[in-house]
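Presented below is the structure to which this report refers.
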Protein chains: 2
Amino acid sequence: MTALPKPEAEAARGAAPAGRNLLFLREEELRLAQDLLFFGYRDFTAGADAILAELGMGRAHHRVLHFVGRRPGITVGELLGILAITKQSLGRVLTPLVDEGYVTQETGRSDRRQRLLSLTPKGAALERRLYDRQRETVMAAYREAGPQAVEGFRRVMRGLMGRDARAALARLEAKDGEAVP
Amino acid sequence: MTALPKPEAEAARGAAPAGRNLLFLREEELRLAQDLLFFGYRDFTAGADAILAELGMGRAHHRVLHFVGRRPGITVGELLGILAITKQSLGRVLTPLVDEGYVTQETGRSDRRQRLLSLTPKGAALERRLYDRQRETVMAAYREAGPQAVEGFRRVMRGLMGRDARAALARLEAKDGEAVP
DNA sequence: CGTAATGGGTCAGCATCGTTGACGCTTTTC
DNA sequence: GAAAAGCGTCAACGATGCTGACCCATTACG
């Protein structure tokens, strides 16, 4: 347990002194959560961002590579649902990825309107490079925190997610062919 | 190259890991971490983003309100160090916040070059509104996950942070006047 | 069979938030 | 008195979102 809350600090800054320390504790807990999420997420993405920048790409490209890699054969519509962005926003990232040979589009067999997306070897290689970079960061954090902390981390992150995100994640985790309503 | 089976998904959900599935398990663990951070962070910020959008502001405004609220009297330089953005990027967000009466600038007493930033009542009110919105999300996740999970979450998030972020966080958590080198 | 709906692509324009580079002003330090 | 530090600002650019409006191919349906 590091960094216990400091009621004196708040008192010094002109808030209520004693008595409602319980409330303060919660307040400080949540402030800390905000800080942790800001700093943690930023540094989690920093490594991959640096690699992407060298290639003239951004985080949005990585997201596409990641989710296409996770679900080869995913349709454009499904990808839009996961990313929760507009078709136009996706297009600006996806089209160059296809043009430059990172992603392939294959016409759907059962529905020929669909474009099934997959990574090319080139795309898979880049995705792995980005993955490996983030892997270092995450593995270091996991090792440092311990397995029990990892489980807690997962539970809290899952709890932060809304209905749609949970459904999307369930679909991602599901085995192929397994129905997830 | 379509519809690969996903043994790692199965293993990750508790089936007996056969042979060298350990490697797969790690891979799937990290893929899951990437997903959780993406979805979790997005939904964590979604509520506040909606409020900000109504006011013609963005996430960057929130960050300023948050950190100025956390350290009243913070200098511009310190804020830049925390946010890790350029002076120009901060300026585009900070200047309007000052002009519209959310943040005050006070000339430093010991060093008159400094501009000490604080929230006005108006700024504090908005910051609290944003805080309350995120509070709902985080408290729900915390309750759902349980106190032990919360501790684990904190440990992992802290582990994701790099040196600079850890130092910045330590400074934020420190009592006023307490030296943090 | 013909029309409507769906999946996907694209053009045009706009906003936010980040960047670099360059300059100017005030104040402190040496 | 000159150098350095803290801050502000102009200009231009890039990545990532958004809306609105169309278009095309294909599928679904009456």
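Lettering follows sequence order; numbering is per chain, from 1.
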Which atom pairs, donor and acceptor, lie under 3.5 Å between side-chain atoms of residues 53-60 of chain B and protein residues at least two apart or in another chain?
unit_1 : atom_1 : unit_2 : atom_2 : d
R59(B) : NE     : D49(B) : OD1    : 3.3
R59(B) : NE     : D49(B) : OD2    : 3.3
R59(B) : NH2    : T45(B) : OG1    : 3.2
R59(B) : NH2    : D49(B) : OD2    : 2.7

Just distance, no hydrogens or angles: give the donor-acceptor pairs under 3.5 Å from side chains in residues 98-108 of chain B, sequence neighbours left out.
unit_1  : atom_1 : unit_2  : atom_2 : d
T104(B) : OG1    : S118(B) : O      : 3.3
E106(B) : OE2    : R109(B) : NH1    : 2.9

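The six-membered or imidazole ring of F44(B) lies away from that of Y41(A), with a centre-to-centre distance of 6.0 Å or more.
Of all nucleotides listed (dT10(C), dT16(D), dG9(C)), dG9(C) comes nearest to the side chain of V76(A).
When atom types are taken as modelled, the side chain of R42(A) and the backbone of L83(B) share a donor-acceptor pair closer than 3.5 angstrom.
In this entry the distance linking CG of D49(B) with P of dC17(C) reads 9 Å, nearest Å. Straight-line distance from the CG atom of L55(A) to the C1' atom of dA15(D): 15 Å, rounded to whole Å. If you measure from atom NE2 of H62(B) to atom C1' of dT16(C), you get 16 Å, rounded to the nearest angstrom. The interatomic distance linking L97(B) (CG) with dC17(C) (P) rounds to 10 Å, in whole Å. Atom CG in L94(B) sits roughly 17 Å away from atom P in dG6(D) (whole-Å rounding). Between the CZ atom of R42(A) and the P atom of dC17(C) there is a distance of 16 Å, given to the nearest Å. Atom CG of L90(B) is separated from atom C1' of dC10(D) by 16 Å (rounded to the nearest Å). Straight-line distance from the CD1 atom of I74(B) to the C1' atom of dC7(D): 15 Å, rounded to whole Å.
Within the nucleic acid shown, G91(A) has no heavy atom closer than 4.0 Å to any nucleic acid atom. Residue-level contact check: R92(A) touches the bases, meaning some heavy atom is under 4.0 Å from a base atom.
The 5' end of DNA chain D is approached more closely, in terms of each residue's nearest nucleotide, by L116(B) than by the other of A84(A) and L116(B).
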Worksheet entry | Per-nucleotide protein contact string for nucleotides 19-30 of chain D (B base, S sugar-phosphate only, - none; heavy atom under 4.0 Å) | BBB----BS---

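Contacts of R113(B) classified as salt bridge (Lys or Arg N to Asp or Glu O under 4.0 Å), with partners at least two apart in sequence or in another chain: D111(B). With sequence neighbours left out, E78(B) forms a side chain to side chain contact (heavy atoms under 4.5 Å, CB included) with I74(B), T75(B).
Sorted by first and then second residue, the side-chain hydrogen bond (donor to acceptor under 3.5 Å, both in side chains) pairs with a member in residues 136-149 of chain A read E144(A)-R166(B); sequence neighbours excluded.
A sub-4.0 Å separation between OP1 or OP2 of dT10(C) and a side-chain N or O of T95(A) is present. Residue H61(A) places no side-chain N or O under 4.0 Å from the OP1 or OP2 atom of dA15(D). A close approach under 4.0 Å does occur between a side-chain nitrogen or oxygen of Q105(B) and OP1 or OP2 of dG8(D).
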